Trainee: 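Below you will find the structure I want to go over with you.
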Amino acid sequence: MTIRKIAELLEAKVILGEDKLDMEVDMAFSSDMMSDVLAYVHGRTLLLTGLVNEHVIRTAEMVDMECIVFVRDKQPTQEIIDMARENDMVLMTTWHTLYCTSGILYSNGLTGVGRRK
Amino acid sequence: MPLIAEVFEVKKDDFVSAGEVSAKIKRTLKKLGVDSAVLRRISVCSYEVELNLVIHSLGGTIDFSVDQDGVTLLVKDCGPGIPDLNLAMREGWSTAPESVRTMGFGAGMGLPNMKRNADEFDIQSTVGVGTEILMKFHLK
């Protein structure tokens, strides 16, 4: 699914990476625990989270995630945006909750990461 | 003779810099052309261990080296040591304080995740002395 389609479905505001909206992700992972992101994520995965700090960007960098959606209208600080820019990431924010955000994307065909290898 | 050998210091409770060492390691290995799947495993391990040094240790070092066979991360801290290694290796078991959990860490996934992602993993710990973790990643 393209980032553009995800933004449309979630009525999301694109904070960073307008030029990368045609990029595709294969699955999504929802969590406020970055420890779990490090343990579960592989491949081209979208991160959905209500956590907003620099560690979210650093964690995404480590597992090669290129797009992050902040839920519940959470707004990243300029420092977080700058850090994401250095890593060529797309940042978006949506008013939906984590549960609803996940449900909307799942019902439109974007699956989860599945069982760990 | 290693192609690259560098030692990074990691300070206790330094959450502002946490992850910078791992980002440097990742950038270095990317320049060397390390396969992206292997690089992701190395990055996960270095970040996990760097966070462990910040959260749980009294400070320590990450000795990063690359040679013909692969990448090695040798991590040593100044204590306090892990009383029960079997418990520490169990997924979901954590001694991280609530303040660390609010930052998104301390789910008790760190050590098991390192073991899963490294090609070779060894941990030794003595209470009152410190912990040493050796992780190797094959490049071939």
Side-chain angles (χ1 to χ4, degrees), chain A residues 23-27 29-72 74 76-80 82-89 91 98 113-117, chain B residues 10 14-27 29-30 34-52 54-56 73 89-118:
Chain A
M23 197 166 70
E24 296 220 7
V25 291
D26 301 322
M27 50 203 155
F29 189 79
S30 306
S31 184
D32 289 352
M33 287 303 284
M34 294 304 106
S35 298
D36 285 339
V37 174
L38 288 167
Y40 283 87
V41 168
H42 56 87
R44 296 191 303 177
T45 305
L46 170 76
L47 177 61
L48 309 171
T49 187
L51 186 71
V52 186
N53 63 33
E54 284 86 353
H55 300 297
V56 174
I57 307 299
R58 193 64 87 194
T59 302
E61 179 190 357
M62 292 302 139
V63 292
D64 301 326
M65 289 177 124
E66 294 175 306
C67 183
I68 301 166
V69 178
F70 296 109
V71 300
R72 304 189 291 271
K74 297 287 179 81
T77 61
Q78 192 56 48
E79 287 77 14
I80 294 171
D82 291 344
M83 201 171 162
R85 186 177 288 113
E86 282 174 26
N87 287 285
D88 292 325
M89 291 176 182
L91 298 184
L98 186 57
V113 298
R115 184 175 282 189
R116 274 184 301 172
K117 289 174 185 171
Chain B
V10 180
D14 186 3
F15 288 98
V16 175
S17 306
E20 286 181 3
V21 170
S22 301
K24 277 183 197 165
I25 290 173
K26 183 165 190 177
R27 278 196 294 271
L29 294 173
K30 203 170 184 178
V34 172
D35 171 75
S36 62
V38 178
L39 181 54
R40 194 190 64 78
R41 289 194 290 114
I42 298 169
S43 300
V44 166
C45 288
S46 70
Y47 191 45
E48 291 276 23
V49 86
E50 185 178 355
L51 286 166
N52 268 16
V54 171
I55 296 167
H56 298 289
L73 297 174
M89 291 304 298
R90 194 183 295 172
E91 279 195 350
W93 190 85
S94 175
T95 57
E98 190 56 31
S99 58
V100 167
R101 289 172 197 260
T102 59
M103 280 188 267
F105 300 110
M109 303 299 281
L111 287 172
N113 202 24
M114 287 177 225
K115 188 176 182 184
R116 189 180 311 106
N117 280 288

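The structure displayed is predicted, hence computed values, not measured ones. Here is the naming used below: chain letters follow the sequence lines, and residue numbers restart at 1 for every chain.
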Trainee: If I measure from the heavy atoms of chain B, does A:V41 come under 4.5 Å with its side chain, its backbone, both, or neither?
Mentor: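 A:V41 touches chain B through backbone heavy atoms alone.
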Trainee: Any side-chain heavy atom of B:E50 within less than 4.5 Å of one from B:L73?
Mentor: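 Heavy-atom side-chain distance check fails, nothing below 4.5 Å.
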Trainee: Do B:M89 and B:M114 make a side-chain contact, defined as non-hydrogen atoms from C-beta onward lying under 4.5 Å apart?
Mentor: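 B:M89 does not reach B:M114 side chain to side chain.
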Trainee: Which value, rounded to the nearest 0.5 Å, describes the distance between A:S35 atom OG and B:N113 atom CG?
Mentor: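 Between A:S35 OG and B:N113 CG, I get 9.0 Å after rounding to 0.5 Å.
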Trainee: Considering only heavy atoms, give the residues of residues 43-51 of chain A separated from chain B by less than 4.5 Å, sorted numerically, with 'none' for an empty result.
Mentor: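 The residues closer than 4.5 Å to chain B, in numerical order, are A:L51.
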Trainee: What's the verdict on salt bridge (Lys or Arg N to Asp or Glu O under 4.0 Å) for A:D32 and A:R72, showing C-alpha distance, side-chain angles and the deciding distance?
Mentor: CA-CA 12 Å; A:D32 289 352; A:R72 304 189 291 271; 3.5 Å; yes
Trainee: Flag the pair B:I25 / B:L29 as yes when at least one side-chain heavy-atom distance between them is below 4.5 Å, and no otherwise.
Mentor: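 In short, these two side chains touch, coming nearer than 4.5 Å.
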Trainee: Salt bridge (charged side-chain N to carboxylate O under 4.0 Å, His left out) with A:E61: which residues, sequence neighbours excluded?
Mentor: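 Residues passing salt bridge (charged side-chain N to carboxylate O under 4.0 Å, His left out) with A:E61: A:R58.
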Trainee: Got a second to check how far B:H56's NE2 is from B:L111's CG, nearest 0.5 Å?
Mentor: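 B:H56 atom NE2 to B:L111 atom CG measures 8.0 Å (nearest 0.5 Å).
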Trainee: Where do B:E20 and B:D14 land on the side chain to side chain contact (heavy atoms under 4.5 Å, CB included) test, with the steps shown first?
Mentor: CA-CA 11 Å; B:E20 286 181 3; B:D14 186 3; over 6 Å; no
Trainee: Please look at B:E91 and chain A and tell me whether the side chain, the backbone, both or neither of the residue comes under 4.5 angstrom of a heavy atom of that chain.
Mentor: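 Looking at B:E91, just its side chain touches chain A.
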Trainee: Within the side chain of A:E54, is there an N or O that forms a donor-acceptor pair under 3.5 Å with the backbone of A:M83?
Mentor: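 Such a contact is absent between A:E54 side chain and A:M83 backbone.
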Trainee: Sequence neighbours excluded, which residues qualify as side chain to side chain contact (heavy atoms under 4.5 Å, CB included) partners of A:V71?
Mentor: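 A:V71 satisfies side chain to side chain contact (heavy atoms under 4.5 Å, CB included) with A:T94, A:L98, A:T101 once adjacent residues are dropped.
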Trainee: Side chain from CB out, backbone as N, CA, C, O: work out which of these in B:M109 comes under 4.5 Å of a heavy atom of chain A, or both, or neither.
Mentor: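 Just its side chain gets close to chain A.
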Trainee: Shorter than 4.5 Å, heavy atoms on both sides: which option in B:A107, B:G110, B:S94, B:S46 has the most such pairs with chain A?
Mentor: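 Greatest number of close heavy-atom pairs with chain A: B:A107.
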Trainee: Please examine the side chains of A:V52 and A:I80, heavy atoms only from C-beta on, and report whether any two atoms are closer than 4.5 Å.
Mentor: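 They are in contact (side-chain heavy atoms under 4.5 Å apart), so the answer is yes.
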Trainee: Hey, could you give me the CE/NE2 distance between A:M62 and A:H55, rounded to the nearest 0.5 Å?
Mentor: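 A:M62 CE to A:H55 NE2: 12.0 Å, rounded to 0.5 Å.
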Trainee: Checking the side chain of A:N53 only, and the main-chain atoms of A:V56 only, is there a donor and an acceptor separated by less than 3.5 Å?
Mentor: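 Yes; at least one donor-acceptor contact below 3.5 Å.
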Trainee: Under 4.5 Å heavy-atom distance to chain A, tell me which part of B:T102 shows up: side chain, backbone, both or neither.
Mentor: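 Interface part for B:T102: backbone (N, CA, C, O).
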Trainee: Report the option among A:L38, A:V37, A:V63 that has the most heavy-atom pairs separated by less than 4.5 Å from atoms of chain B.
Mentor: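 The residue among A:L38, A:V37, A:V63 with the greatest pair count is A:L38.
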Trainee: For B:F105, is it the side chain, the backbone, both or neither that has a heavy atom under 4.5 Å from a heavy atom of chain A?
Mentor: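 Both backbone and side chain.
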Trainee: Which of residues 35-43 of chain B get closer than 4.5 angstrom to chain A, counting heavy atoms alone?
Mentor: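 B:S36, B:R40, B:S43, listed by number.
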